[in-house]
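Chain identifiers are assigned alphabetically (A, B, ...) following the order of the sequence lines, protein sequences preceding nucleic acid strands; residue numbering begins at 1 within each chain.
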Amino acid sequence: MLEKAIIGKKSISAGSLKWIRLNAFFLISAAFVQMLGNIGFINQYYIHILTVMGMNIILVASLNLLNGYLGEFALGHAGFMGIGAYSGALIAIYLGLPFFPRLFFSLAGAAIVSGVVAYIIGLITFKTVGDYLAVITLGFNMIIVNIIQNIDFVGGPRGLVGIPKSTNFFIVAVCLSFTYTVLRNLVYSNYGRLWISIRENLIASELMGVNIIRMKNLAFTIAASFAGLAGSLWAQYQQFINPKSFDYTKTTEILVMLYLGGTGSLSGSILGVVVYTITMEILRNLLEFNPRLVELRMVISPMILIVIMLTRQFGLMGKREWKWIQPEKEGN
Amino acid sequence: MEKLLKIKEVTKAFGGLKAVSKYNLELGKGEIRGIIGPNGAGKTTVFNLITGVYQPDSGQIHLDGENITGLQPDTIARKGIARTFQNIRLFGEMTVWDNVKMAFHARTGYNFWGALLHSASFKKEEKRIGKESLEFLDYLGLAERRNELAKNLPYGEQRRLEIARALATKPKILLLDEPAAGMNPKEVEDLIGLIQKIHNDFPLSILLIDHQMPVVTELCHIIQVINFGQLIAEGTPSQVINNPLVLQAYLGEEEAIA
Ligand SMILES: Nc1ncnc2c1ncn2[C@@H]1O[C@H](COP(=O)(O)OP(=O)(O)OP(=O)(O)O)[C@@H](O)[C@H]1O
Ligand SMILES: [Mg+2]
């Protein structure tokens, strides 16, 4: 019944219907969890962990498009998250909109601003510099943090306060569902085939007529847009942001979760975030008795990365994909 | 009649080495032509010049009357030139089927938004691409292998997959760079039959590089011989084989006898 209402009269294939059902189920569960949290039935701590996981999955899965499917190595994802966080926060603070429009425009605006910045950087990088995306994005990440620190208007190094709270676990779940629909649909289309072909053999891909710069920049722009979306969610969830939370430490954390789960697998991005977050939380609780030990976690994170690289290069998932993420194959 | 591909006085040097010098070629519609020459003669460089991988130092290349000199490789490819590679370049981690589906990228029949929404027309077109690409695989005897990763195919099948992928772009010209390399005599025999069949079934011209004489002599009416980047002979197989310059070029190379 509900499905009919959403889809309308148009006939829709079984595969799409399955995906819509799955997402509907996920969102209803998320709403339920949120409600139980609101009435105090579920500990706020757990709701918080779930919310952070949701935002991190958006970050990791979008970086996966670049580092996994396209086979590039980008090191500035937190920078785009930062751009999104600040632009989203400013929209939320200064436009004076009621709740829903405010939420919508601060999320969409953040995604667009991050996307446009990435598009311009990508155009310059892929066109003129060539194979230096890692260095360029790393430099970009440092520069953007520095720039924000020097803008008094947004609080400089002290950070930006007074952002209205518009985000909770449920809103993050809606954005996550949206992110996965977009990423999955693109990955399982001509675009996904072209991105992977570039990763597998750039010269062959080019000689098959693929406009490499265009395809690379498309992935870069989309990835950055979702990082911006996650940043805006973060800003409106925390109500306070400061530049330091978007520096290379955050980028490293995103990378660790990505490589832990496995590049080139959307399932891996979920698994990587969940396993990493739970591990870190357990460690936090274990080490809590000594505040100095808690900082040890920051050493453990890069160590996880090294261990993955040495022992299981393709992460927990390899390039495999859970069944429910794959659309049914056309014409099989 | 206007020739399909015209190469005029093309030269390409790497440092002091003239890999190709003052090279000429005219390829007519539906023609199949061979290029032979000893190791390092400049054969692959000719393909790289045609496909835009390298820019010529001088000279011009025309496709169907249009000057394509200096264009980007992807632009040239979309104008109808497809090739295979001497060292196989497949998309290893993609399935055999996806390797060929990928070749439909310039005529998918849906746009970005269609892909984003997996719209009805997207599904219809993907079905068509799946079906048509399977026909190419079937044509090359690879349909059974469609769901395997390309990197897991044996060598001979990888070479055929490269041809399938190239054909799927519906090219006007197919460039084959040593398609028989590393094959045993039986496989070479099959390959000759296959290229003959492709030539009959598809409206395209073929330019074929090979080391092994039998392949080119059986397939091509006209053969070019290159040595040290220069065209030293052009003619029918028997003319070329009896040319003293050619014999000299191949002297000491066992392929000459084969
Ligand atoms: N990118 C390059 N940089 C420098 N030298 C090159 C380059 N490409 C080719 N050459 C040189 O140009 C010459 C011609 O090479 P090419 O690959 O065209 O020969 P070939 O006829 O295809 O030989 P083979 O039969 O071994 O494939 C060789 O001496 C080679 O070393
Ligand atoms: Mg060669």
* Structure fact -> chain A shares the most heavy-atom pairs under 4.5 Å, among B/Ala168, B/Ala115, B/Gly92, with B/Ala115

Just wondering, are more than 12 heavy atoms of other shown residues or ligands nearer than 6.0 Å to [atom1] in [X]?
X: A/Trp324; atom1: CH2; value: yes
X: A/Phe25; atom1: CZ; value: no
X: B/Phe202; atom1: CZ; value: yes
X: B/Lys79; atom1: NZ; value: no
X: A/Tyr119; atom1: OH; value: no

* After noting the C-alpha distance and the side-chain angles of A/Leu207 and B/Phe85, does the key distance pass the side-chain contact (heavy atoms from CB on, under 4.5 Å) rule? -> CA-CA 10 Å; A/Leu207 287 168; B/Phe85 300 88; 3.4 Å; yes

* Kindly say whether B/Glu93 contributes a backbone atom to a donor-acceptor pair with the side chain of A/Glu200 at under 3.5 angstrom? => yes

* Asked: Between the main-chain N or O of A/Met208 and the side-chain N or O of B/His105, is there a donor-acceptor pair closer than 3.5 Å?
  -> yes

* Any side-chain heavy-atom pair from A/Leu218 and B/Phe112 closer than 4.5 angstrom? -> yes

* Asked: A/Val210 versus B/Met102: any side-chain heavy-atom pair under 4.5 Å?
  -> yes

* Taking all atoms of both residues into account, what is the closest heavy-atom pair of A/Asn211 and B/Arg78, and its distance? -> N-NH1, 4.0 Å

* Using heavy atoms and a sub-4.5 Å threshold, report which of residues 187-197 of chain A line up against chain B, by residue number. => A/Tyr188, A/Ser189, A/Asn190, A/Tyr191, A/Arg193, A/Leu194, A/Ile196, A/Ser197

* For chain B, find its close neighbours in residues 224-232 of chain A: heavy-atom separation under 4.5 Å, sorted by number, or none. => none

With a 4.5 angstrom heavy-atom cut-off, is it the side chain or the backbone of [X] that approaches chain A, or both, or neither?
X: B/Thr51; value: both
X: B/Arg128; value: neither
X: B/Asn48; value: neither
X: B/Ala103; value: both

* Structure fact -> Under 4.5 Å to a heavy atom of chain B? For A/Ile213 that would be neither

Once you round to the nearest 0.5 Å, how far does [atom1] of [X] lie from [atom2] of [Y]?
X: B/Thr75; Y: A/Glu206; atom1: OG1; atom2: CD; answer: 8.5 Å
X: A/Asn201; Y: B/Leu90; atom1: CG; atom2: CG; answer: 8.0 Å
X: B/Met94; Y: A/Arg199; atom1: CE; atom2: CZ; answer: 9.0 Å

* Verify side-chain contact (heavy atoms from CB on, under 4.5 Å) between A/Ile212 and B/Asp74, making sure each step is shown before the conclusion. => CA-CA 8 Å; A/Ile212 304 287; B/Asp74 58 309; over 6 Å; no

